[in-house]
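Structure first, then comments.
In this chain, numbering begins with 1 at the start of the sequence shown.
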Amino acid sequence: MQHKMSPGPLHDARGRLAEPGYATAEVKRYSRSGVKAPKWRLKEWDYYCVNTPDFALALTVADNGYMGFLGTAWMDFQAGTAINGAAMMGFPMGRMGLPPSADAGDVEAAFGGISLAFRHEAGGRRLVVDDPGFGGGQGLKGEIVLTDTPTDRMVIATPFPNAPKAFYYNQKINCLRAEGEVVLGGQVKRFSPDSAFGVLDWGRGVWTYDNTWYWGSASGLHEGPRFGFNIGHGFGDTAAATENMVFVDGVAHKLGEVTFHLPKGAHDSGPWRFTSDDGRFEMSFEPIVDRASATDLKLIRSVQHQVFGRFSGTVVLDGGETLQVRDLIGFAEEVENRW
(Lines give C-alpha, C1' and ligand atoms only; values in the text may rest on other atoms or scores of the structure.)
Protein backbone atom coordinates (compact mmCIF):
# COMPACT_ATOMS: atom_id res chain seq x y z
CA MET A 1 0.00 0.00 0.00
CA GLN A 2 1.18 3.52 -0.82
CA HIS A 3 3.94 2.72 -3.30
CA LYS A 4 5.76 5.86 -4.45
CA MET A 5 6.61 5.87 -8.16
CA SER A 6 10.03 6.60 -9.62
CA PRO A 7 10.72 8.62 -12.82
CA GLY A 8 10.24 6.94 -16.19
CA PRO A 9 7.71 6.22 -18.94
CA LEU A 10 4.11 5.63 -17.89
CA HIS A 11 3.70 2.50 -20.05
CA ASP A 12 5.83 -0.51 -20.83
CA ALA A 13 6.26 -1.93 -24.33
CA ARG A 14 3.00 -3.91 -24.01
CA GLY A 15 0.96 -0.83 -23.21
CA ARG A 16 0.54 -1.66 -19.52
CA LEU A 17 1.32 0.66 -16.63
CA ALA A 18 5.02 0.36 -15.94
CA GLU A 19 4.64 1.18 -12.26
CA PRO A 20 1.29 1.74 -10.52
CA GLY A 21 1.48 4.03 -7.52
CA TYR A 22 1.52 7.65 -6.41
CA ALA A 23 3.91 10.59 -6.50
CA THR A 24 4.02 14.24 -5.51
CA ALA A 25 5.38 15.41 -8.89
CA GLU A 26 4.89 14.52 -12.55
CA VAL A 27 7.42 11.68 -12.55
CA LYS A 28 5.88 9.51 -15.26
CA ARG A 29 6.00 10.51 -18.92
CA TYR A 30 2.66 10.08 -20.65
CA SER A 31 2.52 9.53 -24.41
CA ARG A 32 -0.43 8.64 -26.60
CA SER A 33 1.92 6.37 -28.58
CA GLY A 34 2.42 4.24 -25.47
CA VAL A 35 -1.30 3.45 -25.23
CA LYS A 36 -2.21 0.16 -26.95
CA ALA A 37 -5.99 0.47 -26.64
CA PRO A 38 -8.11 1.83 -29.56
CA LYS A 39 -8.04 5.62 -29.95
CA TRP A 40 -11.76 5.91 -29.37
CA ARG A 41 -11.26 4.46 -25.86
CA LEU A 42 -8.65 7.02 -24.79
CA LYS A 43 -9.91 9.87 -22.62
CA GLU A 44 -8.02 13.09 -21.91
CA TRP A 45 -9.20 16.12 -19.97
CA ASP A 46 -8.13 19.29 -18.19
CA TYR A 47 -10.58 20.57 -15.59
CA TYR A 48 -10.16 23.70 -13.49
CA CYS A 49 -12.31 24.79 -10.59
CA VAL A 50 -11.72 28.18 -8.96
CA ASN A 51 -13.59 29.10 -5.80
CA THR A 52 -14.05 32.07 -3.50
CA PRO A 53 -16.13 32.13 -0.30
CA ASP A 54 -19.08 33.37 -2.38
CA PHE A 55 -18.92 31.65 -5.78
CA ALA A 56 -17.02 29.20 -7.98
CA LEU A 57 -16.19 28.78 -11.66
CA ALA A 58 -15.54 25.42 -13.33
CA LEU A 59 -14.11 24.92 -16.84
CA THR A 60 -13.55 21.67 -18.72
CA VAL A 61 -11.87 20.69 -21.98
CA ALA A 62 -12.12 16.97 -22.70
CA ASP A 63 -11.24 14.72 -25.63
CA ASN A 64 -13.01 11.49 -24.75
CA GLY A 65 -12.19 9.67 -27.98
CA TYR A 66 -15.64 9.37 -29.47
CA MET A 67 -16.80 12.67 -27.98
CA GLY A 68 -15.24 16.10 -27.44
CA PHE A 69 -16.64 18.16 -24.60
CA LEU A 70 -16.41 21.76 -23.43
CA GLY A 71 -17.94 22.60 -20.08
CA THR A 72 -18.61 25.83 -18.21
CA ALA A 73 -20.27 26.16 -14.81
CA TRP A 74 -21.00 28.88 -12.29
CA MET A 75 -21.92 28.20 -8.67
CA ASP A 76 -23.39 30.99 -6.51
CA PHE A 77 -23.04 30.05 -2.85
CA GLN A 78 -25.14 32.96 -1.61
CA ALA A 79 -28.09 32.04 -3.81
CA GLY A 80 -27.45 28.28 -3.66
CA THR A 81 -27.62 27.94 -7.45
CA ALA A 82 -25.56 26.27 -10.18
CA ILE A 83 -25.62 26.96 -13.93
CA ASN A 84 -24.04 24.58 -16.46
CA GLY A 85 -23.00 25.23 -20.04
CA ALA A 86 -21.80 22.56 -22.46
CA ALA A 87 -20.86 21.85 -26.05
CA MET A 88 -20.09 18.50 -27.70
CA MET A 89 -18.53 17.28 -30.92
CA GLY A 90 -18.19 13.80 -32.39
CA PHE A 91 -15.07 11.63 -32.57
CA PRO A 92 -12.15 14.02 -32.00
CA MET A 93 -9.90 11.03 -31.14
CA GLY A 94 -6.92 13.18 -30.21
CA ARG A 95 -7.49 16.04 -32.64
CA MET A 96 -8.17 18.43 -29.76
CA GLY A 97 -4.46 18.29 -29.01
CA LEU A 98 -4.45 18.05 -25.22
CA PRO A 99 -0.80 18.06 -24.09
CA PRO A 100 1.02 15.05 -22.57
CA SER A 101 2.09 17.07 -19.52
CA ALA A 102 0.29 19.11 -16.89
CA ASP A 103 3.25 21.50 -16.80
CA ALA A 104 3.69 22.38 -20.48
CA GLY A 105 1.55 22.81 -23.55
CA ASP A 106 -1.51 24.98 -24.00
CA VAL A 107 -5.11 23.86 -24.36
CA GLU A 108 -7.35 25.76 -26.77
CA ALA A 109 -10.73 24.64 -28.07
CA ALA A 110 -13.78 26.29 -29.59
CA PHE A 111 -16.98 24.69 -30.84
CA GLY A 112 -20.69 24.75 -30.12
CA GLY A 113 -20.55 28.45 -29.27
CA ILE A 114 -18.02 28.02 -26.42
CA SER A 115 -14.36 29.03 -26.50
CA LEU A 116 -11.90 27.94 -23.78
CA ALA A 117 -8.14 28.33 -23.44
CA PHE A 118 -5.76 27.19 -20.70
CA ARG A 119 -2.35 28.74 -21.33
CA HIS A 120 0.98 28.48 -19.55
CA GLU A 121 2.82 31.74 -19.00
CA ALA A 122 5.64 33.02 -16.81
CA GLY A 123 4.71 32.41 -13.21
CA GLY A 124 1.47 30.56 -13.77
CA ARG A 125 -1.50 29.66 -15.96
CA ARG A 126 -4.14 31.78 -17.66
CA LEU A 127 -7.71 30.56 -18.03
CA VAL A 128 -9.81 32.24 -20.73
CA VAL A 129 -13.53 31.62 -21.17
CA ASP A 130 -16.06 32.99 -23.65
CA ASP A 131 -19.53 31.45 -23.61
CA PRO A 132 -22.05 33.99 -25.01
CA GLY A 133 -25.02 31.63 -24.64
CA PHE A 134 -24.30 30.73 -21.01
CA GLY A 135 -27.27 30.81 -18.66
CA GLY A 136 -29.87 31.30 -21.36
CA GLY A 137 -28.01 34.19 -22.94
CA GLN A 138 -26.56 35.85 -19.84
CA GLY A 139 -23.09 35.15 -21.19
CA LEU A 140 -19.90 34.22 -19.34
CA LYS A 141 -16.62 35.81 -20.35
CA GLY A 142 -13.32 36.58 -18.65
CA GLU A 143 -9.78 35.64 -17.68
CA ILE A 144 -8.25 34.27 -14.49
CA VAL A 145 -4.54 33.85 -13.77
CA LEU A 146 -3.42 31.03 -11.45
CA THR A 147 -0.08 31.50 -9.70
CA ASP A 148 2.03 30.29 -6.77
CA THR A 149 2.14 26.65 -7.85
CA PRO A 150 2.69 24.48 -4.75
CA THR A 151 5.79 22.32 -4.32
CA ASP A 152 3.73 19.11 -4.17
CA ARG A 153 0.70 17.76 -5.97
CA MET A 154 -1.25 14.50 -6.10
CA VAL A 155 -0.13 12.19 -8.91
CA ILE A 156 -1.41 8.62 -9.30
CA ALA A 157 -1.24 5.83 -11.88
CA THR A 158 -4.09 3.38 -11.39
CA PRO A 159 -4.67 0.08 -13.26
CA PHE A 160 -8.04 -1.65 -13.65
CA PRO A 161 -8.68 -5.30 -12.70
CA ASN A 162 -8.91 -7.75 -15.63
CA ALA A 163 -8.25 -4.96 -18.16
CA PRO A 164 -4.48 -4.82 -18.77
CA LYS A 165 -4.67 -1.98 -21.32
CA ALA A 166 -6.89 0.21 -19.15
CA PHE A 167 -5.34 2.80 -16.85
CA TYR A 168 -5.85 6.19 -15.26
CA TYR A 169 -3.01 8.71 -14.93
CA ASN A 170 -4.20 11.64 -12.86
CA GLN A 171 -2.76 14.81 -11.37
CA LYS A 172 -4.47 17.20 -8.95
CA ILE A 173 -2.80 20.54 -8.28
CA ASN A 174 -4.53 22.22 -5.33
CA CYS A 175 -4.28 25.66 -3.75
CA LEU A 176 -3.36 27.71 -6.83
CA ARG A 177 -3.87 31.39 -6.07
CA ALA A 178 -6.39 32.98 -8.45
CA GLU A 179 -6.71 36.54 -9.69
CA GLY A 180 -8.89 38.02 -12.41
CA GLU A 181 -12.50 38.59 -13.29
CA VAL A 182 -15.35 37.23 -15.33
CA VAL A 183 -18.48 38.96 -16.53
CA LEU A 184 -21.69 37.03 -15.92
CA GLY A 185 -24.91 38.55 -17.21
CA GLY A 186 -23.31 41.99 -17.28
CA GLN A 187 -22.05 41.75 -13.69
CA VAL A 188 -18.31 41.67 -12.96
CA LYS A 189 -17.20 38.87 -10.62
CA ARG A 190 -13.69 39.37 -9.23
CA PHE A 191 -11.23 36.79 -7.97
CA SER A 192 -8.64 38.01 -5.46
CA PRO A 193 -5.52 35.91 -4.65
CA ASP A 194 -6.03 36.33 -0.90
CA SER A 195 -9.38 34.53 -1.02
CA ALA A 196 -9.66 32.74 -4.40
CA PHE A 197 -8.02 29.38 -5.04
CA GLY A 198 -8.01 26.96 -7.95
CA VAL A 199 -7.48 23.26 -8.49
CA LEU A 200 -6.46 21.49 -11.69
CA ASP A 201 -7.75 17.99 -12.39
CA TRP A 202 -5.55 16.62 -15.20
CA GLY A 203 -6.63 13.19 -16.41
CA ARG A 204 -5.41 10.82 -19.12
CA GLY A 205 -6.60 7.24 -19.36
CA VAL A 206 -8.40 4.30 -20.86
CA TRP A 207 -11.34 3.40 -18.68
CA THR A 208 -13.44 0.29 -18.38
CA TYR A 209 -17.03 0.76 -19.52
CA ASP A 210 -18.99 1.04 -16.25
CA ASN A 211 -17.57 3.04 -13.35
CA THR A 212 -18.63 5.07 -10.34
CA TRP A 213 -16.10 7.40 -8.75
CA TYR A 214 -16.06 9.59 -5.68
CA TRP A 215 -13.91 12.71 -5.47
CA GLY A 216 -13.52 15.48 -2.94
CA SER A 217 -11.32 18.57 -3.08
CA ALA A 218 -10.77 21.78 -1.14
CA SER A 219 -8.33 24.67 -1.44
CA GLY A 220 -8.07 27.67 0.84
CA LEU A 221 -6.31 28.92 3.95
CA HIS A 222 -5.79 27.50 7.43
CA GLU A 223 -4.54 29.95 10.05
CA GLY A 224 -2.48 31.77 7.43
CA PRO A 225 -0.80 29.18 5.15
CA ARG A 226 -2.54 27.66 2.16
CA PHE A 227 -4.32 24.44 3.00
CA GLY A 228 -6.23 21.89 0.95
CA PHE A 229 -6.74 18.24 0.21
CA ASN A 230 -7.63 15.67 -2.42
CA ILE A 231 -9.68 12.59 -1.53
CA GLY A 232 -11.22 9.91 -3.71
CA HIS A 233 -12.00 6.27 -4.30
CA GLY A 234 -14.36 3.98 -6.13
CA PHE A 235 -12.65 2.80 -9.33
CA GLY A 236 -9.63 0.83 -10.46
CA ASP A 237 -7.16 -1.26 -8.48
CA THR A 238 -5.80 0.94 -5.68
CA ALA A 239 -3.63 -1.78 -4.12
CA ALA A 240 -0.49 0.20 -5.00
CA ALA A 241 -1.72 3.56 -3.70
CA THR A 242 -4.67 5.83 -3.00
CA GLU A 243 -5.10 9.38 -4.25
CA ASN A 244 -5.65 10.83 -0.77
CA MET A 245 -3.40 13.72 0.27
CA VAL A 246 -3.48 16.81 2.45
CA PHE A 247 -1.50 19.90 1.43
CA VAL A 248 -0.14 22.42 3.93
CA ASP A 249 1.86 25.37 2.63
CA GLY A 250 2.59 23.46 -0.59
CA VAL A 251 3.77 20.23 1.08
CA ALA A 252 1.88 16.93 0.72
CA HIS A 253 0.94 14.62 3.59
CA LYS A 254 -0.10 11.14 2.38
CA LEU A 255 -3.25 9.46 3.65
CA GLY A 256 -4.53 5.91 3.38
CA GLU A 257 -8.02 4.92 2.22
CA VAL A 258 -10.82 7.47 2.69
CA THR A 259 -14.45 6.37 2.75
CA PHE A 260 -17.27 8.62 1.58
CA HIS A 261 -20.43 8.34 3.71
CA LEU A 262 -23.15 9.88 1.55
CA PRO A 263 -26.48 11.14 2.91
CA LYS A 264 -29.49 8.90 2.48
CA GLY A 265 -31.53 11.64 0.81
CA ALA A 266 -30.64 13.94 -2.05
CA HIS A 267 -26.99 14.71 -2.71
CA ASP A 268 -27.43 18.25 -1.45
CA SER A 269 -28.93 17.10 1.83
CA GLY A 270 -26.47 16.57 4.60
CA PRO A 271 -24.20 16.21 6.14
CA TRP A 272 -21.78 14.02 4.21
CA ARG A 273 -19.06 12.31 6.27
CA PHE A 274 -15.54 11.19 5.42
CA THR A 275 -13.37 8.81 7.43
CA SER A 276 -9.93 7.33 6.76
CA ASP A 277 -8.65 3.88 7.65
CA ASP A 278 -5.60 5.42 9.35
CA GLY A 279 -7.73 7.77 11.46
CA ARG A 280 -6.00 10.85 10.05
CA PHE A 281 -8.90 12.35 8.11
CA GLU A 282 -12.26 12.81 9.83
CA MET A 283 -14.48 15.35 8.16
CA SER A 284 -18.09 16.42 7.83
CA PHE A 285 -19.41 18.34 4.84
CA GLU A 286 -22.41 20.67 4.76
CA PRO A 287 -23.74 21.02 1.19
CA ILE A 288 -24.58 24.40 -0.33
CA VAL A 289 -25.45 23.54 -3.93
CA ASP A 290 -25.53 20.41 -6.10
CA ARG A 291 -24.09 20.98 -9.56
CA ALA A 292 -26.02 18.11 -11.12
CA SER A 293 -26.02 16.96 -14.73
CA ALA A 294 -27.18 13.87 -16.57
CA THR A 295 -26.65 12.52 -20.09
CA ASP A 296 -28.32 9.32 -21.24
CA LEU A 297 -27.61 8.19 -24.80
CA LYS A 298 -28.27 4.53 -23.92
CA LEU A 299 -24.81 3.13 -24.63
CA ILE A 300 -23.23 6.31 -23.22
CA ARG A 301 -24.55 7.46 -19.87
CA SER A 302 -23.26 9.92 -17.28
CA VAL A 303 -24.92 11.02 -14.04
CA GLN A 304 -22.94 13.59 -12.09
CA HIS A 305 -23.46 15.22 -8.72
CA GLN A 306 -20.71 17.67 -7.84
CA VAL A 307 -21.80 19.15 -4.53
CA PHE A 308 -20.21 22.35 -3.23
CA GLY A 309 -20.17 23.08 0.46
CA ARG A 310 -18.10 23.51 3.63
CA PHE A 311 -15.77 20.98 5.23
CA SER A 312 -15.15 20.82 8.99
CA GLY A 313 -13.19 18.28 10.99
CA THR A 314 -9.67 17.12 11.85
CA VAL A 315 -6.59 16.20 9.84
CA VAL A 316 -3.44 14.56 11.24
CA LEU A 317 -0.25 15.47 9.38
CA ASP A 318 2.72 13.19 8.73
CA GLY A 319 4.53 14.51 11.79
CA GLY A 320 1.57 13.85 14.08
CA GLU A 321 0.25 17.42 14.32
CA THR A 322 -3.55 17.67 14.36
CA LEU A 323 -5.27 20.49 12.50
CA GLN A 324 -8.80 21.59 13.24
CA VAL A 325 -10.59 22.54 10.01
CA ARG A 326 -13.70 24.70 10.02
CA ASP A 327 -15.95 25.75 7.13
CA LEU A 328 -13.41 25.21 4.37
CA ILE A 329 -15.04 25.70 0.96
CA GLY A 330 -14.72 22.76 -1.43
CA PHE A 331 -16.72 20.06 -3.18
CA ALA A 332 -17.46 16.36 -3.08
CA GLU A 333 -18.93 14.37 -5.93
CA GLU A 334 -20.42 11.08 -7.03
CA VAL A 335 -20.19 10.37 -10.76
CA GLU A 336 -21.61 7.32 -12.55
CA ASN A 337 -20.28 6.74 -16.05
CA ARG A 338 -20.95 4.20 -18.76
CA TRP A 339 -18.47 5.31 -21.39
Side-chain angles (χ1 to χ4, degrees), residues 1-48 61-65 93-94 96-107 118 120 125 149-176 199-208 211 213 215 217 229-247 250-257 318:
M1 191 67 172
Q2 311 309 317
H3 172 71
K4 194 168 186 179
M5 297 183 293
S6 56
L10 182 65
H11 291 100
D12 62 19
R14 299 178 298 171
R16 304 187 182 197
L17 283 180
E19 186 185 14
Y22 84 96
T24 56
E26 189 185 280
V27 297
K28 293 299 184 184
R29 298 188 306 274
Y30 166 78
S31 171
R32 289 180 65 93
S33 64
V35 179
K36 303 305 180 184
K39 287 183 179 180
W40 61 273
R41 295 293 299 158
L42 181 55
K43 296 169 175 50
E44 302 177 325
W45 67 74
D46 284 25
Y47 165 88
Y48 286 92
V61 175
D63 184 330
N64 291 329
M93 299 209 297
M96 292 176 66
L98 273 71
S101 170
D103 295 323
D106 295 340
V107 175
F118 308 148
H120 291 272
R125 306 157 188 262
T149 302
T151 304
D152 292 341
R153 69 187 65 175
M154 193 292 297
V155 181
I156 193 166
T158 304
F160 288 80
N162 305 314
K165 295 180 181 179
F167 71 96
Y168 183 42
Y169 188 39
N170 183 220
Q171 301 184 54
K172 305 277 179 38
I173 305 178
N174 285 71
C175 301
L176 295 158
V199 60
L200 166 63
D201 171 17
W202 185 94
R204 307 290 187 266
V206 172
W207 290 66
T208 51
N211 289 276
W213 76 60
W215 177 33
S217 179
F229 55 79
N230 184 84
I231 54 175
H233 81 110
F235 61 87
D237 180 358
T238 57
T242 71
E243 65 177 88
N244 303 311
M245 286 186 189
V246 172
F247 304 96
V251 177
H253 299 256
K254 189 71 181 70
L255 303 174
E257 187 69 47
D318 288 347

Identify the heavy atoms of [X] and [Y] that sit nearest to each other, and give their distance.
X: L98; Y: V61; result: CD2-O, 3.8 Å
X: A18; Y: P9; result: CB-O, 3.6 Å
X: P161; Y: G236; result: CD-C, 4.1 Å
X: P159; Y: A157; result: CD-O, 3.9 Å
X: T242; Y: G256; result: OG1-O, 3.1 Å
X: P99; Y: A104; result: CB-O, 3.4 Å

What I want to check is whether the side chains of E44 and Y30 have a donor and an acceptor closer together than 3.5 Å.
yes
Set of residues satisfying ring pair (Phe, Tyr, Trp, His ring centres under 6.0 Å) with respect to [X], sequence neighbours excluded:
X: F160; answer: W207
X: H253; answer: none
X: F167; answer: H11

Among V35, L17, V27, find the residue that satisfies the side-chain contact (heavy atoms from CB on, under 4.5 Å) test when tested with L10.
L17
Which residues pass the side-chain hydrogen bond (donor to acceptor under 3.5 Å, both in side chains) test with [X], not counting sequence neighbours?
X: N211; result: T208
X: D46; result: R204
X: Y48; result: R125
X: T151; result: none

Enter the distance from [X]:[atom1] to [Y]:[atom2] here, rounded to the nearest 0.5 Å.
X: M154; Y: I231; atom1: CE; atom2: CD1; value: 12.0 Å
X: W45; Y: D63; atom1: CH2; atom2: CG; value: 11.5 Å
X: Y22; Y: M5; atom1: OH; atom2: CE; value: 9.5 Å
X: N230; Y: M245; atom1: CG; atom2: CE; value: 8.5 Å
X: M96; Y: M93; atom1: CE; atom2: CE; value: 13.5 Å
X: W213; Y: N170; atom1: CH2; atom2: CG; value: 9.5 Å

For S6, enumerate each residue passing the side chain to side chain contact (heavy atoms under 4.5 Å, CB included) test, keeping only those at least two apart in sequence or located in another chain.
E19, K28
Residues two or more places apart in sequence or in another chain: which of them pass side chain to side chain contact (heavy atoms under 4.5 Å, CB included) with P38?
W40, R41
Donor-acceptor contact present, side-chain K254 to main-chain N244, <3.5 Å:
yes
Would you find a donor on one side and an acceptor on the other, under 3.5 Å apart, between the side chain of T238 and the backbone of H233?
no
Do N174 and S217 come close enough that some side-chain heavy atom pair is under 4.5 Å?
yes
Is any side-chain heavy atom of L176 less than 4.5 Å from a side-chain heavy atom of P150?
yes
How are the rings of F235 and Y168 set to each other: parallel, tilted or perpendicular (split at 30° and 60°)?
perpendicular
Residues pairing under side chain to side chain donor-acceptor pair (under 3.5 Å) where one sits in residues 156-166, two or more places apart or in two chains, turn out to be none
Excluding sequence neighbours, so at least two apart, what forms salt bridge (charged side-chain N to carboxylate O under 4.0 Å, His left out) with R16?
none
Sequence-distant partners of E243, salt bridge (charged side-chain N to carboxylate O under 4.0 Å, His left out), two or more places apart
K172
Between D201 and W215, does a side chain to side chain contact (heavy atoms under 4.5 Å, CB included) hold up when you go through it step by step?
CA-CA 11 Å; D201 171 17; W215 177 33; 3.7 Å; yes
Decide yes or no on side chain to side chain contact (heavy atoms under 4.5 Å, CB included) for V246 and L255, but give the supporting numbers first.
CA-CA 7 Å; V246 172; L255 303 174; 3.8 Å; yes
Counting heavy atoms not belonging to K36, are there more than 12 under 6.0 Å from its NZ?
yes
Could you check R153, H120, Q171 and say which one makes a side-chain hydrogen bond (donor to acceptor under 3.5 Å, both in side chains) with D103?
R153
